[in-house]
Each structure stands twice: as C-alpha cells, then as structure tokens.
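Written out below as structure tokens is the structure these notes cover.
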There are 4 protein chains.
Amino acid sequence: MAKNDKQELIVDAALEVFCEKGFANTRMGDIAKKAGVSYGLVYHYFESKEVFFDHIVERWWKTLYDMLEAEKSSSAGFEGKLERIIRFFLDTYASKFNLLSIFITEVSRSSLYRTDAGLARFRKFFSLCDEIMAEGQKRGILRSDVAPHYLTYIFLGAIEAFISIMVLGKEKITKQREQRTINGIIQVFLHGAMAQNGHGGTRSKT
Amino acid sequence: MAKNDKQELIVDAALEVFCEKGFANTRMGDIAKKAGVSYGLVYHYFESKEVFFDHIVERWWKTLYDMLEAEKSSSAGFEGKLERIIRFFLDTYASKFNLLSIFITEVSRSSLYRTDAGLARFRKFFSLCDEIMAEGQKRGILRSDVAPHYLTYIFLGAIEAFISIMVLGKEKITKQREQRTINGIIQVFLHGAMAQNGHGGTRSKT
Amino acid sequence: MAKNDKQELIVDAALEVFCEKGFANTRMGDIAKKAGVSYGLVYHYFESKEVFFDHIVERWWKTLYDMLEAEKSSSAGFEGKLERIIRFFLDTYASKFNLLSIFITEVSRSSLYRTDAGLARFRKFFSLCDEIMAEGQKRGILRSDVAPHYLTYIFLGAIEAFISIMVLGKEKITKQREQRTINGIIQVFLHGAMAQNGHGGTRSKT
Amino acid sequence: MAKNDKQELIVDAALEVFCEKGFANTRMGDIAKKAGVSYGLVYHYFESKEVFFDHIVERWWKTLYDMLEAEKSSSAGFEGKLERIIRFFLDTYASKFNLLSIFITEVSRSSLYRTDAGLARFRKFFSLCDEIMAEGQKRGILRSDVAPHYLTYIFLGAIEAFISIMVLGKEKITKQREQRTINGIIQVFLHGAMAQNGHGGTRSKT
DNA sequence: CATGAATGAGGGTTCATTCAT
DNA sequence: CATGAATGAACCCTCATTCAT
C-alpha cells in the first residue's frame with residue numbers, strides 16, 4: 001500500500017504538470033518535484049516519459065470505452081443514453097479537470113497521437129458511439145437517411161467543442177449550467193436548430 | 001520576387017514538416033533541408049522557431065476570420081452561409097492539407113495555445129460564428145430558445161470532428177463526398193437527428 | 001566529500017581554462033574535458049557559463065574584502081598594513097596564479113563588469129583601502145593635504161601595474177624579488193620618487 | 001573624400017559600439033547599423049572584425065607612443081613632462097572617451113592581448129616611460145636607489161587607476177578637477193604620501 | 001562602391017535516462 | 001525502495017564572413 005501510495009502520488013503530480021505545461025514542456029524533474037519524491041523514483045515506476053504518459057492516457061481511454069460500452073449494452077431509453085454520455089464528460093470536467101484537459105489539449109487530436117495505435121484509439125471511441133447511434137436508428141428514434149457515423153461526429157463534436165472552450169477558459173461549472181448544457185446539446189442534436197418546428201421551446205430555455 | 005521565392009519556399013517546407021512531425025518534433029534543420037536552403041537562412045527570415053510557427057498560424061487565423069466576416073456581412077440566404085462555411089474547411093482540406101492539419105493537431109486546442117493571446121484567437125473565431133447564428137435567430141430562421149453560442153459550438157464542433165477524423169486518417173476527399181458531408185451536417189444541424197420529423201429525407205440520402 | 005570533490009575538480013579546471021583562454025574563448029566543453037567529467041555535470045553544478053564565472057569571481061572578491069577588512073580593523077603599524085596588502089597580492093600570484101590572472105585580465109576593468117553590480121564590487125574594493133588611508137592620515141602618518149582616495153588610487157594602481165606586468169609576462173616570482181617589490185612600492189609611495197629627500201636609500205636597494 | 005567620409009563614419013560607429021558593448025559582444029551588424037551603412041560595406045573597408053579592432057587599437061598605441069617619444073626627446077623640465085603625460089590621458093578622456101574606455105576595458109590587460117604581439121605593445125609603452133624615468137635619475141631629479149621600471153609602474157599605475165575609475169563610473173571631468181588630479185598624482189609620486197616631510201602642503205590642497 | 005541575401009560551423013544549454021550507493 | 005550525481009546526444013540559435021547583383 002505504501003508502494004501504491006507513492007506511485008499514486010507520482011501519477012497525480014504528473015496529471016497536474018502535464019495539464020499545466022503540456023507533454024512537451026513537462027520535465028521529469030517537474031513531476032518528481034511536484035510529487036515530492038526523488039528524481040529516480042519516477043523511473044522506478046515508469047520506464048520512460050512516453051510510457052508514463054501513455055499509462056495515464058490509456059487509463060482514460062479505458063474509462064471512456066467502459067462508459068460507452070455500458071451505454072451501448074444498457075436497455076435504457078435512447079435520450080437517457082445521450083444525456084448520460086454528456087453528463088459523463090461534464091462530471092469528469094468537474095472532478096478530474098486535469099485529466100480531461102490533457103485529453104483535450106494533448107491527446108484528442110495531438111500529433112503525438114498520429115500513429116496507428118493512436119488512430120485506433122480514436123476510431124474505437126467513435127465506433128462505440130456509432131453503434132449507439134445505429135441502435136437509435138434501428139429503434140426508429142433516429143432518422144435513417146444519415147449514416148450513423150455522421151450523427152456521431154455531430155454529437156461528439158458538439159460535446160468536445162463545449163468541453164474545449166471550458167478547458168481553455170478554465171471555466172467554472174455549476175449544476176445549473178451542467179443541466180442547461182445537456183439540454184442544449186440534446187435539443188439541437190435531436191430536433192435541430194431551426195425555428196418553428198414545434199418542439200424547441202417546450203423543454204427548456206437555454 | 002526572387003526574395004519572396006526563397007521565403008515562400010521556406011514557409012512551404014515548414015508547413016510540410018510541421019504537419020508531418022508536429023511542432024515539438026520539428027527541427028529547424030529539417031525545414032531548411034526540405035526547402036533546400038541553408039540553416040541560417042531560415043533565421044534570416046524568422047527570428048525563432050516559435051515566431052515562425054506563429055507567423056504561419058496567424059496567417060491561417062486571418063484567413064478564417066476573413067471568411068467568417070464575409071459571411072457575416074453577406075446578404076445571402078442563411079443556409080447558404082452555413083454551406084459556404086463548411087465548404088471553406090473542406091476546400092482548404094483539399095488544397096492546403098498541411099495547413100489545416102497543423103491547425104487541427106497543433107493549434108485548435110494545443111497546450112501551445114493556452115495563453116491569453118491564444119485564447120483570444122479562439123474566442124474571436126467562435127464569436128464571429130455566434131454573430132451569424134444570432135442573425136439567423138433574428139431573421140426567424142433559427143430557434144431562439146437556445147443561446148447563439150450553443151448553436152455555434154454544435155455547428156463548429158461538428159465541422160471540426162469531421163475534419164479531425166479526415167486529417168488523422170489522411171482520408172481522400174471527392175466532390176461527391178464533399179457534398180454529402182455538407183448536406184449531412186446541415187441536415188442534422190438544422191432539422192435534428194430524430195426520425196419522422198418530416199424534412200430529413202427530402203434533401204438527400206447521405 | 002565525494003560530492004565536493006567533483007565540484008572542486010570542475011572549479012579548478014575552470015580556473016585553468018578561463019585563465020588560459022579568457023572568458024569569451026572558453027568553451028564549457030573545455031572545462032569538462034579538463035576536469036575529466038561529462039559535459040552535463042558542469043551544468044549540474046552551475047546553471048550557466050556566466051553564473052559559473054561569477055561564482056569564481058565572487059569568491060575572489062570576498063577573499064579580497066576579507067583581507068582588507070582584517071587590515072582595517074588591525075591595530076598593527078601602518079606600514080605593516082601596506083606591506084601585508086602588497087604581500088597578499090604577491091602571495092596569491094605565487095599560489096593561485098590562475099585566479100589572479102583572471103582577476104586582472106577578465107574582471108578588474110573588463111567590460112563584462114561594467115554593470116552596476118560590477119561597479120559596486122570595484123568601489124567597495126577601493127573604499128576599504130580609502131578607509132585604511134584615512135586612518136593613516138588621522139594617525140598623522142600620511143599627509144592630509146591629499147584626499148584619501150587619491151592615495152588609494154596611487155597605492156592600488158601601483159600594485160595592479162606590477163601584478164599586471166607579471167601576469168602578462170608570466171613571470172616567476174622569488175622570495176627575494178617579492179621583498180624587493182614590496183620595498184620598492186612602499187618606499188616610493190611613502191617617501192616619493194625624488195632624490196635627496198633623505199630617506200630613499202636607508203631602507204634597501206631596489 | 002567621400003570614401004574617407006564613409007570609412008570614418010564606420011570607425012566612429014565602431015568606437016561607440018565597442019565602447020558600449022565590448023569587443024566580444026559587438027556584432028558587425030551593430031556597427032553597420034550605427035554607422036547607417038549596409039552590412040557588407042564594413043567588410044569592404046576592413047577584412048575582419050579582429051583586423052578592424054586592431055586597426056583602431058593600433059592607431060591608439062601609435063598616438064600613445066608618439067606622445068611619449070615627444071616627451072622623451074623634449075628638453076623641457078622633468079616635472080613638466082610628468083604633468084603633460086597625465087594631462088594627455090585626461091584630455092583624451094574628455095575628447096575621446098570611447099577610445100580611452102576601449103583601451104582600459106578591452107586592451108590594457110585584456111586576455112585578447114595576451115599574445116606576443118600584444119605583450120610587445122605593452123612593453124614598449126612601459127619602456128618609453130622607463131627611459132623618461134631613467135633620464136630623471138640621470139639628471140639627479142629622481143632617486144637612483146629604485147630601478148626606473150619600478151618608478152614607471154607606480155606612475156603609470158596611478159594614472160591608469162584614476163582613468164579606470166572615471167571610465168567605469170562614466171564620471172565627468174572639469175578643468176578644475178583635471179588640475180587637482182594632476183597635482184595629486186605628481187605630489188605623491190614625487191614627494192611621497194607621508195606627512196611632515198616638508199613639501200606636501202606647499203603646492204596645493206588636493 | 002554598395003547592398004543584404006545566403007552560408008554553416010560552432011557554442012551554450014536542455015533533459016531524458018542510467019546507475020552507483 | 002529511494003536517491004541524485006553523472007552522462008551525452010540533440011537542438012536552437014548566433015554571427016562572422018562571402019558573394020551575386
């Protein structure tokens with residue numbers, strides 16, 4: 001446990017530093033200093049800077065996949081799935097800002113991740129969402145004249161844009177704002193941005 | 001003219017190398033070599049690697065702003081504006097892949113750009129789009145129960161997600177695919193992803 | 001102790017190289033090679049070439065100040081004080097040639113030291129000597145119709161000229177020559193260069 | 001004449017820049033800019049930075065030698081010779097500060113000048129003064145129990161110390177101060193720093 | 001004479017990584 | 001486990017110098 005304590009200490013420090021300075025500008029020494037451990041101990045646990053970073057990112061991808069898998073398998077209502085996906089990101093923003101910030105600024109489209117492995121991670125993320133969209137189509141909830149991955153791009157793109165702006169501006173999030181954001185995205189995603197289509201105003205004022 | 005030739009040569013080489021390797025992994029020597037000029041000449045034109053990169057990025061931001069300003073001021077139909085915005089990105093993808101790739105992977109959310117100046121660039125980009133959306137609301141085309149910047153996030157987020165996937169996968173784009181993408185985004189953005197709302201299938205099969 | 005060993009090794013090597021080539025023509029690699037350590041170790045102990053040099057120079061100034069402070073506070077005879085000051089420089093010349101050579105050629109009047117801080121160092125050096133001269137005046141030993149700092153300039157100027165010539169010519173110094181030099185400076189400084197003033201020949205033949 | 005104009009313009013600019021930044025920190029471009037000429041023109045007149053600097057320094061040495069030769073050959077009174085030597089430096093300080101500053105900080109003891117040629121320049125300077133001192137001894141004015149070069153060191157050392165302090169502090173010089181300085185140096189040099197030796201107060205209050 | 005674009009060797013500095021203690 | 005001294009390859013940048021125009 002003492003072992004894991006130190007290791008966790010280092011990981012937490014890394015999250016902070018990677019978030020604050022970015023991968024390229026983070027020194028292994030910065031992490032050690034922030035964690036309050038010696039220089040070499042970081043190398044005791046992680047063989048290299050890159051492996052260390054991958055370790056962190058990998059954990060995040062897994063969390064993301066797990067969440068999406070859960071929604072996919074779930075028998076819950078479709079709109080609820082969308083809501084939970086959005087809420088997942090917003091909750092993570094509130095509780096693990098560093099992690100989400102790293103994901104947005106260093107991973108999601110970084111040139112660091114323009115390898116086959118990186119592309120694969122990314123595609124799996126979108127694929128899982130595709131399947132949820134396809135299921136929505138099969139259930140007759142979503143229109144079928146648009147390919148499911150188009151729906152995915154629009155839905156995830158919207159979420160990412162929101163999160164990105166929040167991350168870059170280090171904005172605060174409140175429960176109220178969270179709900180407004182969820183409603184806004186779902187409203188427009190499902191019913192469109194056009195006026196007078198008869199459902200826009202019924203749900204909420206965003 | 002001979003003067004600008006060399007400088008342009010260097011800029012083109014830089015676009016290629018920055019695109020291929022990313023800012024952090026680009027060596028000034030790589031750029032010089034690719035441009036077929038001496039090491040020092042790069043510094044004759046650009047005082048540092050960072051300034052050089054900024055120069056490139058700044059030109060891009062200006063192009064982007066100009067395009068959005070033009071749409072904002074234009075008296076054209078609203079849907080046409082949306083279409084031209086999307087088309088702008090897709091055309092740039094086709095004609096200046098390197099530039100757009102750099103924008104996506106190194107700029108749009110990069111930690112490099114998490115400065116006040118960087119944030120300002122970003123906000124101006126979103127702001128201009130906000131104004132177009134607000135105008136759509138005033139014209140009665142867009143629903144008014146959603147704040148304009150929400151619409152912006154969804155619209156631009158969708159475009160960026162499309163472009164990102166294309167950039168990461170280095171995908172080819174055809175005229176046909178371009179049109180399908182434009183229609184897809186506009187359809188879902190304006191009319192929503194839901195089935196049986198009566199306008200989805202009329203425009204095109206995507 | 002092993003720790004200080006390496007550091008001391010590097011400092012000694014630096015003294016040699018700075019002395020031989022001067023600050024501007026000294027390469028950090030030269031120092032490392034001369035010390036028999038790796039390139040990076042120099043930077044482990046000293047953050048930059050300039051800081052390293054300052055560290056060396058600072059130690060020297062301190063030694064100099066300490067010596068002058070000691071003479072100032074001492075209750076010894078005035079002529080003895082002058083003699084010990086001169087002897088201090090000649091002894092340092094014999095035992096730490098490199099250090100004194102660096103002081104003469106790189107510090108004492110170098111443009112490197114034309115900063116406020118550099119000027120302050122210099123003035124403190126002269127100030128301490130001023131006080132000793134002023135004390136000599138108060139004791140009635142030195143003439144009072146000349147400002148003490150004039151006396152300082154002449155006394156220290158003489159020492160520096162001697163040392164400079166020796167440094168530039170890399171001359172050997174013997175005990176005999178040391179004593180002759182001390183006598184020569186003191187004789188002329190105290191009794192003047194004129195003939196037939198009745199005290200020139202009594203002390204020694206220089 | 002137009003030719004010499006440009007050349008002189010460049011030399012003057014060089015004096016300013018070398019004085020302000022020192023040899024090592026002066027860029028050929030700085031000189032060109034200060035002179036208001038193009039980069040390459042400096043090279044049209046001076047084949048290299050070092051040759052350029054030598055050219056400047058060489059002119060100074062010649063001026064110095066000429067002055068000392070003139071005093072040596074002159075049949076004027078000995079004390080007048082000393083006075084004119086001191087006055088020469090003080091006048092140069094007033095009229096050609098840059099030149100004298102460069103001499104003090106970059107030449108007189110610089111490691112740049114620790115070559116055989118440099119040492120030779122220096123020795124010739126001292127030698128000429130030696131001869132004047134020897135003549136003073138032969139005339140029976142100066143004491144003969146001290147070797148002439150000792151007298152030289154003390155006399156020139158005093159002058160250099162005065163000038164150095166003035167240069168480092170960029171001090172102003174007035175006619176009055178000039179005379180006081182001359183008297184002070186000559187008084188102490190000739191009659192010594194000791195009190196009650198019967199000639200201190202007769203000349204002036206310094 | 002005059003310009004300034006072009007060259008490229010060289011130097012200071014960084015920092016991931018290793019390893020003896 | 002833990003430390004931090006030690007390594008050295010790599011990279012950005014400088015700037016004296018050349019030369020075509």
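Proteins get letters first, then strands, A, B, ... in listed order; numbering begins at 1 in each. Keep in mind that the numbers below use all heavy atoms, side chains included, and drop hydrogens, waters and symmetry copies.
Between dC1(F) and Lys6(A), no contact under 4.0 Å exists linking OP1 or OP2 to a side-chain N or O. The side chain of Arg27(B) places an N or O atom within less than 4.0 Å of a non-bridging phosphate oxygen (OP1 or OP2) of dC12(F).
When rounded to the nearest whole Å, the span between CD1 of Ile10(D) and C1' of dC1(E) equals 11 Å. Between the CZ atom of Phe53(B) and the C1' atom of dC12(F) there is a distance of 17 Å, given to the nearest Å. Rounded to an integer number of Å, the gap from Leu41(C) CG to dC19(E) P is 16 Å. Whole-Å rounding puts the Phe52(A) CZ to dC15(E) C1' distance at 16 Å. Spacing between atom OH of Tyr43(A) and atom C1' of dA6(F) amounts to 14 Å, rounded to whole angstrom units. One can place CG of Asn25(A) at 13 Å from P of dT14(E), the figure rounded to the nearest angstrom.
Among the nucleotides dT18(F), dT7(F), dT17(E), the one closest to any side-chain atom of Met28(A) is dT17(E). Nearest to the side-chain atoms of Ser48(A) among the listed nucleotides dA16(F), dT17(E), dT7(F) stands dT17(E). For Tyr45(B), taking side-chain heavy atoms from C-beta onward, the closest of the listed nucleotides dT7(F), dA5(E), dC15(F) is dA5(E). In the set dA2(E), dA16(E), dC13(F), dC13(F) carries the atom at the smallest distance from any side-chain atom of Lys49(B).
Taking CD of Glu16(C) as the reference point, atom CG of Leu99(C) lies at 12.5 Å (rounded to 0.5 Å).
Among all heavy-atom pairs drawn from Asn98(A) and Leu15(A), the shortest one is CB-O, 3.8 Å.
Looking at heavy atoms from C-beta onward, Phe53(C) lies in side-chain contact with Glu106(C) at the 4.5 angstrom threshold.
Mapping Tyr39(D) and His44(A) onto DNA chain F via the closest heavy atom, the residue that lands nearer the 5' end is His44(A).
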Intermediate values then yes/no, side-chain contact (heavy atoms from CB on, under 4.5 Å), Leu64(D) and Phe103(D) = CA-CA 11 Å; Leu64(D) 202 54; Phe103(D) 178 66; 4.2 Å; yes
